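Here the structure is laid out as structure tokens; the discussion comes afterwards.
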Amino acid sequence: MTTIRLHDTKTRRKVEFAPIDPKDVRLYVCGPTVYDRAHLGNARPVLVFDLLYRLLREVFGAEHVTYARNFTDVDDKINARAAQTGRPIREITDETILWYHQDMDALGALRPDHEPRATDYVGQMVAMIERLALAGHAYAAEGHVMFSVASYEAYGALSGRDVEDMIAGARVEVAPYKRDPMDFVLWKPSAEGEPGWDGPVIEGESVGHGRPGWHIECSAMSYQLFGASFDIHGGGIDLQFPHHENEIAQSACAHPEGDFANVWMHNEMLQVEGKKMSKSLGNFFTVRDLLDKGIPGEVIRLVMLGTHYRKPMDWTEEKRAEAEATLTKWYSLLHTHGFTAKMVRDLKASGDWAMDAEFLGVLANDLNTPGAIARMHVLSSARTPAKLVPFVAALELMGLIEDWDALSDLAGAEAGPAIAPEVDAAVTALLTRRAEARAAKDWAEADRIRDLLNAAGVQVTDMGGQASWQPGPGFDASKLEGQA
RNA sequence: GGCGGGUUGGCGGAGAGGUUACGCAGCGGAUUGCAAAUCCGUGUAGACCGGUUCGAUUCCGGUACCCGCCUCCA
């Protein structure tokens, strides 16, 4: 069996991945707060952990891996959006979840097995908060329930921080209801009109109407779905502190019988043309923006996987173009070798389906996707359908082809603007004249016609004595007027 | 102020203490009437200064620069 090695943030070392139960490998990833379209940065962890999910399924068997990714559907940003638009919260979160699914589906990300919504687990959160209070790790104050950081001595282990240092840094929020500046909210009161639930009962007294703090949801939901110990917890590096540190504190104190997550994985951030993506710099865009511009999801996916997940990744126009060229080349290659949905099905059924061991080994080495892509380039140099099978298997594992019936569309460059019949007729007429000139070996005239067409952005290709054409960059039919 | 990450050839981007990353671009060649496409060949780079070592781009220390987190954030 392939050995998977993963970089564990907590120990800052690469570890051999040994699941608690190989028949039930459990992966939890922090999902989005659903108040708006997912931006490109949101797509990075989705794609990184989608690939981890696929790798785990490949190695342990699809039926032995469970992937959970939450939706945070209770949050001040959502409340603000509701207040600002006058729309019901549930309508906003439902709509955003729908968008999220559409956009991530377009990137070829598999749906997780569980997508728990925070609001469906408030009861479990309340129970966990009460449990923490009973064990002396939480206290009620002014309608809030706070987690007492001082009660958990291992606090800071994940992010390598020292509580004393952080207080010295003086960037912690001081609030009157905090016993200690580092303490964080488990439950907070809701005002009139804000979403709220009956709060936990602490020392025989109800805390009152309110809503959960942000961190508790992941602790409660992962416990409900996976139990006190599970294998991998993932998310963006920006969540390492405080979100994940707080999750650990809550889970470890509420369920000291478990280990919570054995391996912690964090992806680095995304930049755009060398700069942090931000609305003020004007380089902020959503996944939908890119898709609407005609950039296929596969292209976005290949660009993302072209940088190792633990390094900052820069989204650039140049990378987009290179990824698009690579994919078009690969899809055309398979198309010309006659790959179809049926052929792939038959290959899988016949036992001739084979995963390249080197490819899988590279990928299993802490999800080295750039290395895996490099290996795919080597595998793609095979020139018979049978020898291309390892390449095809790799392409599938990378999630770069979901629907083999779409191969011909993918292979034939992106469907450009429709060609008007009169333009087609004009080009064809010129090509006919060029064919006559070529037949007469009048190369000067033949090249003159091709130059003319090239000037209008028409790409002429001579194949097997036949000339064909496609609109290329800078295609402008008006330049052909009067030339036929 | 605290914590962490990065610096690789023209560009992107990996692994590995000593032997080809890979892709794009470029250059040379095959093929083609010429092109396109394709194929073959071609690149000794590793911020700077020290140290360890028979040998370091790869390990250790320092310097410089860049970036992220510490506040909602993937």
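All values reported here derive from a predicted model rather than from experimental measurement. Here is the naming used below: chain letters follow the sequence lines, and residue numbers restart at 1 for every chain.
- Spacing between atom CZ of Phe284(A) and atom P of A74(B) amounts to 10 Å, rounded to whole angstrom units.
- The separation of A37(B) from A30(B), taken at their C1' atoms, amounts to 14 Å, rounded to a whole angstrom.
- Lys178(A) has no carboxylate O lying under 4.0 Å from a charged side-chain N of Asp183(A), or vice versa, which leaves the two without a salt bridge.
- Glu153(A) meets the side-chain hydrogen bond (donor to acceptor under 3.5 Å, both in side chains) test with no other residue; sequence neighbours excluded.
- Residues passing the ring pair (Phe, Tyr, Trp, His ring centres under 6.0 Å) test with Phe226(A) are Phe230(A), sequence neighbours excluded.
- The residue among Cys30(A) and Asp447(A) whose nearest nucleotide of RNA chain B lies closer to the 5′ end is Asp447(A).
- Residues satisfying the side-chain hydrogen bond (donor to acceptor under 3.5 Å, both in side chains) test with Asp424(A), not counting sequence neighbours, are none.
- Nearest-nucleotide positions on RNA chain B for Tyr309(A) and Ala446(A) put Tyr309(A) closer to the 5' end.
- Looking at Asp289(A), Asp292(A), Asp103(A) one by one, the single match for salt bridge (Lys or Arg N to Asp or Glu O under 4.0 Å) with Arg37(A) turns out to be Asp103(A).
- Put simply, the side chain of Asp76(A) and the base of C72(B) share no donor and acceptor less than 3.5 Å apart.
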N/O-N/O pairs, protein side and nucleotides 58-61 of chain B side, under 3.5 Å:
none

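- A close approach under 4.0 Å does not occur between any side-chain nitrogen or oxygen of Trp469(A) and OP1 or OP2 of A36(B).
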Report each atom pair, protein N/O against N/O of nucleotides 37-39 of chain B, whose distance is under 3.5 angstrom.
from, atom 1, to, atom 2, distance (Å)
C39(B), OP1, Arg383(A), NH2, 2.7

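- Closest approach to the Ala374(A) side chain among A74(B), A14(B), C22(B) is made by C22(B) (side chain taken as heavy atoms from C-beta onward).
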Anything under 3.5 Å between a protein N or O and an N or O of nucleotides 66-69 of chain B, put it in a table, one pair a line.
from, atom 1, to, atom 2, distance (Å)
C69(B), OP1, Lys276(A), NZ, 2.9

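- C49(B) sits 15 Å from U57(B) when the C1' atoms are compared, rounded to a whole Å.
- Comparing the same atom, P, in U20(B) and in U32(B) gives a spacing of 34 Å after rounding to whole Å.
- Of the candidates C22(B), A74(B), U7(B), the closest approach to any side-chain atom of His377(A) belongs to C22(B).
- Remark: Asp36(A) CG to Arg81(A) CZ distance equals 4.5 Å, nearest 0.5 Å.
- Partners of Tyr28(A) under the ring pair (Phe, Tyr, Trp, His ring centres under 6.0 Å) rule, at least two apart in sequence or in another chain, are His233(A).
- Between Glu298(A) and Arg301(A) there is no salt bridge, since none of the side-chain N atoms of the basic residue sits less than 4.0 Å from a carboxylate O of the acidic one.
- Nucleotide A74(B) holds its P atom 9 Å from the NE2 atom of His243(A), rounded to whole Å.
- The list of ring pair (Phe, Tyr, Trp, His ring centres under 6.0 Å) pairs with a residue in residues 428-452 of chain A, not counting sequence neighbours, is empty.
- Comparing the same atom, P, in G23(B) and in C39(B) gives a spacing of 10 Å after rounding to whole Å.
- At a cut-off of 3.5 angstrom, counting only N and O atoms as typed in the model, there is a donor on one side and an acceptor on the other between the side-chain of Arg450(A) and the base of C34(B).
- At whole-Å resolution of the value, NZ in Lys311(A) and C1' in G4(B) are 15 Å apart.
- Nearest to the side-chain atoms of Asp462(A) among the listed nucleotides A74(B), A16(B), G33(B) stands G33(B).
- For the C1' atoms, the distance from C54(B) to A21(B) is 26 Å, rounded to whole Å.
- Residues that satisfy the ring pair (Phe, Tyr, Trp, His ring centres under 6.0 Å) test with Phe391(A), not counting sequence neighbours, are Trp330(A).
- G13(B) and G6(B) have their C1' atoms separated by 14 Å, with the value rounded to a whole Å.
- Taking atom CZ of residue Phe359(A) and atom P of nucleotide G15(B), one finds them 16 Å apart after rounding to whole Å.
- Considering only residues two or more places apart in sequence or on other chains, Asn79(A) meets the side-chain hydrogen bond (donor to acceptor under 3.5 Å, both in side chains) condition with none of them.
- Heavy atoms of Arg434(A) sit under 4.0 angstrom from at least one base atom.
- Side-chain atoms of Ser190(A) come within 3.5 Å of backbone N or O of Pro195(A) as a donor-acceptor pair.
- Not one side-chain nitrogen or oxygen of Lys319(A) sits closer than 4.0 Å to the OP1 or OP2 atom of C24(B).
- Listed by chain and residue number, Asp8(A) satisfy the side-chain hydrogen bond (donor to acceptor under 3.5 Å, both in side chains) test with Thr11(A) (two or more places apart in sequence, or in another chain).
- Rounded to a whole Å, the CG atom of Leu453(A) is 18 Å from the P atom of A35(B).
- When the C1' atom is compared between A35(B) and A16(B), the two are found 43 Å apart, to the nearest whole Å.
- Atom pair Leu363(A):CG and A14(B):P shows a separation of 14 Å (rounding to whole Å applied).
- Using atom P as the reference point in both G41(B) and C24(B), the two lie 14 Å apart (nearest Å).
- The side chain of Thr326(A) contributes no N or O atom lying less than 4.0 Å from OP1 or OP2 of G23(B).
- A side-chain donor from one of Tyr309(A) and Asp366(A) sits under 3.5 Å from a side-chain acceptor of the other.
- By the 4.0 Å N-to-carboxylate-O rule, Glu322(A) lies too far from Lys319(A) to be salt-bridged with it.
- A ring-centre distance under 6.0 Å is not found for Tyr152(A) and Phe147(A).
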Dot-bracket notation for RNA chain B is requested: 5' to 3', Watson-Crick or G-U wobble pairs only, both distances under 3.5 Å, with ( ), [ ], | and . as defined. (((((((..(((.....[...))).(((((.......)))))....(((((..]....))))))))))))....
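- Protein atom CG of Asn42(A) is 6 Å distant from nucleotide atom C1' of A74(B), rounded to whole Å.
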